[in-house]
Protein chains: 2
Amino acid sequence: MTKPTPDPRHTLTLRDVSEASGVSEMTVSRVLRNRGDVSAATREKVLEAARALGYVPNKIAGALASQRVNLVGVVIPSLSNMVFPEVMTGISETLEGTGLQPVVGVTNYLPDREESTIYEMLSWRPSGMIIAGLEHSAASRAMLARAGIPIVEIMDIDGDPIDHAVGISHRRAGRQMAEAIIAAGYRRIAFLGTQMPNDFRAKKRLDGFEEALARAGLSLVDREYYSGGSALLKGREMTAAVLNRTPDIDFLYYSNDMIGAGGLLYCLAQGLDVPDRIGLAGFNGVELLDGLPRKLATMDACRLEIGRKAAEIIAGKAMPGEKVELFPTLQPGDTIRR
Amino acid sequence: MTKPTPDPRHTLTLRDVSEASGVSEMTVSRVLRNRGDVSAATREKVLEAARALGYVPNKIAGALASQRVNLVGVVIPSLSNMVFPEVMTGISETLEGTGLQPVVGVTNYLPDREESTIYEMLSWRPSGMIIAGLEHSAASRAMLARAGIPIVEIMDIDGDPIDHAVGISHRRAGRQMAEAIIAAGYRRIAFLGTQMPNDFRAKKRLDGFEEALARAGLSLVDREYYSGGSALLKGREMTAAVLNRTPDIDFLYYSNDMIGAGGLLYCLAQGLDVPDRIGLAGFNGVELLDGLPRKLATMDACRLEIGRKAAEIIAGKAMPGEKVELFPTLQPGDTIRR
DNA sequence: GTGAAAGCGCTAACAT
DNA sequence: ATGTTAGCGCTTTCAC
């Protein structure tokens with residue numbers, strides 16, 4: 001009298017649930033998707049059977065049949081620098097409840113990887129794509145433009161978006177920071193950044209920064225680049241190197257908060273008078289800074305808001321113009337003279 | 001004489017490439033997958049046509065037909081604490097070149113979200129799943145066990161894996177740290193952790209830690225939990241609270257390096273003699289510590305190695321036993337008396 | 001080396 | 001409220 005247990009090595013299909021419940025495949029499908037009118041009785045029978053069997057629907061088949069995929073591709077350069085996790089939070093939060101699911105791809109700032117990641121993602125026919133930056137290979141742009149889905153380029157608005165863009169002007173952010181520094185009376189200003197040839201946003205910030213310096217008749221008195229390793233440690237080392245080489249520097253502008261924090265710890269350890277003898281500023285507004293002995297000047301990159309807005313566009317909750325510009329706030333902290 | 005440009009609003013299919021190149025769909029498919037014997041001439045024709053049209057294959061249809069999906073589901077609780085990004089790096093590195101692609105889902109330590117993430121992922125019929133932790137809902141375990149694909153539970157080995165497990169013993173890690181602390185002569189020891197009811201690994205570390213204390217006739221003299229906010233700042237605040245409440249504490253054991261780093265900065269700012277008057281230790285071995293003024297004692301969680309090993313199992317490059325145990329090394333740094 | 005036919009597991013559209 | 005039919009865009013299998 002053994003019930004014929006279904007072969008556990010066979011992945012279950014709608015048909016199995018249909019047979020187990022004595023209801024047609026179509027009605028089973030309706031129940032499982034909460035679609036159309038199904039009587040409470042059949043509904044119960046079906047759910048019961050599906051649960052008992054441990055049925056997991058096959059979205060591949062569903063997607064092919066319905067031409068609908070509830071996935072949103074998200075392509076970002078890195079996960080390790082505190083900025084993209086927060087963007088992801090904004091995206092996930094907003095997608096929650098829309099039935100859409102983010103799928104993340106990381107490119108490590110490599111254009112080739114970006115291109116293949118985009119290709120790979122598009123081949124799954126997602127409902128939309130969110131991509132960091134406005135600089136992409138011609139092939140990438142072409143693929144995205146042809147895909148027939150909403151494309152949102154995030155973080156940056158200094159350039160021409162393929163479809164939509166949500167971000168800040170990094171050029172302007174650099175300019176603004178330079179103006180604040182100059183207004184505070186600093187004159188011998190150095191730049192310290194990570195060597196990332198493909199970090200176009202850092203480059204734009206520096207461009208804007210130097211532009212504002214030039215307008216004030218100033219220029220950078222030194223600059224230092226590093227790559228790899230612990231950002232905090234690198235910040236220390238770079239700062240030591242620059243201050244040894246050019247002792248009369250009175251301001252250190254960092255391309256991001258982590259190396260800025262390293263620099264700040266170094267200056268404090270050296271007993272330098274911050275911000276009177278020397279000022280410092282970073283970029284991003286990472287919450288890490290809240291725990292430091294002194295608060296580094298920085299500029300909020302609007303990461304959470306960017307994630308939210310981008311997701312809203314994909315979810316059709318926003319009917320924006322081509323570009324959505326957000327405006328970062330300068331947080332002077334304790335490292336710029338007042 | 002206008003060439004009939006294909007409707008750009010229509011997503012391209014193999015058929016379009018077939019017509020454009022005058023080669024059968026089947027042969028086009030072969031070329032695009034580098035399968036079987038195709039003459040160099042046809043090959044060129046096909047690739048040319050595909051490129052010209054901007055064809056992107058439809059993996060949904062491909063997967064349905066071939067019953068093969070090159071995706072590996074990775075389910076982790078968080079992206080923001082430095083530990084999982086490194087695990088991801090290990091996974092990506094190892095999957096590189098195998099044709100497999102990781103797809104990440106984040107659960108925020110919520111069992112319900114974990115369950116739905118697993119369900120969602122399994123419904124895409126991935127080639128394997130990598131999941132943080134050994135504690136899952138009964139439904140999650142059942143789904144995974146039934147899926148018929150390799151399942152690797154990572155980070156922890158204190159428990160019963162569904163299929164494979166790769167990780168360290170957190171219980172033992174806690175024990176080891178306690179033993180080192182006791183051996184260094186500390187006796188009034190407090191614990192500081194983030195309030196995460198579902199962080200089972202932190203809990204196991206604490207269990208092991210207290211077990212070793214008990215064996216030495218000791219017990220925690222104080223404990224403090226916090227949740228949310230900047231970990232560095234929380235570390236500061238918790239440390240201040242504990243030291244005010246129990247001034248004669250001589251050692252602070254933190255559940256992770258970030259709050260430990262905050263505590264260390266606090267102690268140094270207070271002018272406390274570290275490690276003689278008071279010692280500190282964290283957990284994880286994050287590279288961030290390299291940039292601090294003094295190096296926090298910690299224990300490497302073998303994150304990169306865990307990611308690599310897990311991916312090797314999925315990729316079939318390793319034929320391991322059920323559990324793969326890795327052994328973290330204790331890094332005494334500058335905050336434990338020698 | 002190339003092509004034709006069948007079908008993967010599901011859902012849209014149309015019955016009833 | 002439920003069932004039937006005809007694909008979705010590929011790949012497998014087999015034929016030539």
Side-chain angles (χ1 to χ4, degrees), chain A residues 6-7 10-47 49-50 53 55-71 99 120 122-127 147-148, chain B residues 6-7 10-47 49-50 53 55-71 99 120 122-127 147-148:
Chain A
D7 177 2
H10 167 260
T11 307
L12 298 168
T13 69
L14 263 191
R15 184 190 195 90
D16 296 307
V17 181
S18 166
E19 284 171 0
S21 62
V23 177
S24 79
E25 281 188 46
M26 196 54 234
T27 300
V28 171
S29 169
R30 279 194 269 253
V31 171
L32 265 23
R33 286 176 300 144
N34 297 310
R35 277 258 207 289
D37 292 321
V38 181
S39 74
T42 12
R43 171 175 213 74
E44 268 323 300
K45 262 195 298 186
V46 169
L47 289 176
L53 293 173
Y55 173 71
V56 175
N58 185 330
K59 289 223 179 190
I60 297 171
L64 184 60
S66 67
Q67 309 277 55
R68 243 190 300 282
V69 178
N70 67 337
L71 265 23
E120 204 71 16
L122 286 180
S123 74
W124 287 101
R125 302 291 187 266
S127 295
Chain B
D7 176 359
H10 167 258
T11 307
L12 298 167
T13 69
L14 265 191
R15 182 190 196 90
D16 296 306
V17 181
S18 165
E19 284 170 0
S21 62
V23 176
S24 80
E25 280 189 45
M26 197 50 239
T27 300
V28 170
S29 168
R30 279 195 268 256
V31 171
L32 265 23
R33 286 176 300 143
N34 295 311
R35 278 258 206 287
D37 291 323
V38 181
S39 73
T42 14
R43 171 174 213 74
E44 267 323 299
K45 261 194 301 188
V46 169
L47 289 175
L53 293 173
Y55 172 70
V56 175
N58 185 331
K59 289 222 180 192
I60 297 171
L64 184 60
S66 67
Q67 309 278 56
R68 242 191 300 282
V69 178
N70 67 338
L71 265 24
E120 203 72 17
L122 286 180
S123 74
W124 287 100
R125 300 292 186 265
S127 295

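In the text below, chain A, chain B and the rest are named by the order of the sequence lines, each starting its count at 1.
Rounded to whole Å, atom P of C:dT2 lies 15 Å from atom CZ of B:R33. Taking atom CG on A:L64 and atom C1' on C:dG9, their separation rounds to 9 Å, with Å as the unit. The separation between A:R15 atom CZ and C:dC10 atom P is 11 Å, rounded to whole Å. Taking atom CZ of A:R30 as the reference point, atom P of C:dT11 lies 11 Å away to the nearest angstrom. In this structure, CG of A:L32 is placed 9 Å from P of C:dC10, rounded to the nearest angstrom. Here C:dG9 presents its P atom at 10 Å from CG of A:L14, a figure rounded to the nearest Å. Here C:dC10 presents its C1' atom at 8 Å from CG of A:N58, a figure rounded to the nearest Å. Atom CG in A:N34 sits roughly 15 Å away from atom C1' in C:dT11 (whole-Å rounding).
Across every non-hydrogen atom of A:A61 and B:L64, the tightest pair is CB-CD1, 3.8 Å. The minimum heavy-atom distance between A:L14 and A:E25, with the atom names listed, is CD1-O, 3.9 Å. The minimum heavy-atom distance between B:P126 and B:L71, with the atom names listed, is CB-O, 3.3 Å. The nearest pair of heavy atoms linking B:Y55 to B:L12 is CE1-O, 3.6 Å. The minimum heavy-atom distance linking A:R43 with A:V38 is given by the pair N-CG1, 3.9 Å.
At the phosphate of C:dT2, OP1 or OP2 sits under 4.0 Å from a side-chain N or O atom of B:S39. Side-chain nitrogen and oxygen atoms of B:S24 include none within less than 4.0 Å of the OP1 or OP2 phosphate oxygen of C:dT2. Put simply, A:R68 has a side-chain N or O that comes within less than 4.0 Å of OP1 or OP2 on C:dA12. Side-chain nitrogen and oxygen atoms of A:Y55 include at least one within less than 4.0 Å of the OP1 or OP2 phosphate oxygen of C:dC10.
Side chain of A:S123 to backbone of B:V56: no donor-acceptor contact under 3.5 angstrom is found. Distance alone, capped at 3.5 Å, is enough to place a donor-acceptor pair between the B:S66 side chain and the B:G62 backbone.
Comparing A:S29 and B:G36 by the nucleotide of DNA chain C whose heavy atom lies nearest to each, the residue mapping closer to the 5' end is B:G36.
When side chains are defined from C-beta on, B:S21 counts as touching B:V28, because their heavy atoms get closer than 4.5 Å. For the pair B:Q67 and A:T11, the minimum side-chain heavy-atom distance is 4.5 Å or more.
The terminal axes of the helix from C:dG1-D:dC16 to C:dT16-D:dA1, fitted over 5 pairs per end, subtend an angle of 30° to the nearest 10°.
Across all strands shown, B:D37 has heavy atoms under 4.0 Å from base atoms, whether or not it also approaches the sugar-phosphate.
Within the model, atoms OG of A:S18 and CZ of A:R15 stand 7.5 Å from one another, a figure rounded to the nearest 0.5 Å.
Contacts between chain A and DNA chain D, taken as any atom within less than 4.0 angstrom of a protein heavy atom, begin and end at D:dA1 to D:dG9.
Taking only side-chain atoms of A:S66, from C-beta outward, the nucleotide of C:dG9, C:dG3, C:dT11 with the closest atom is C:dT11.
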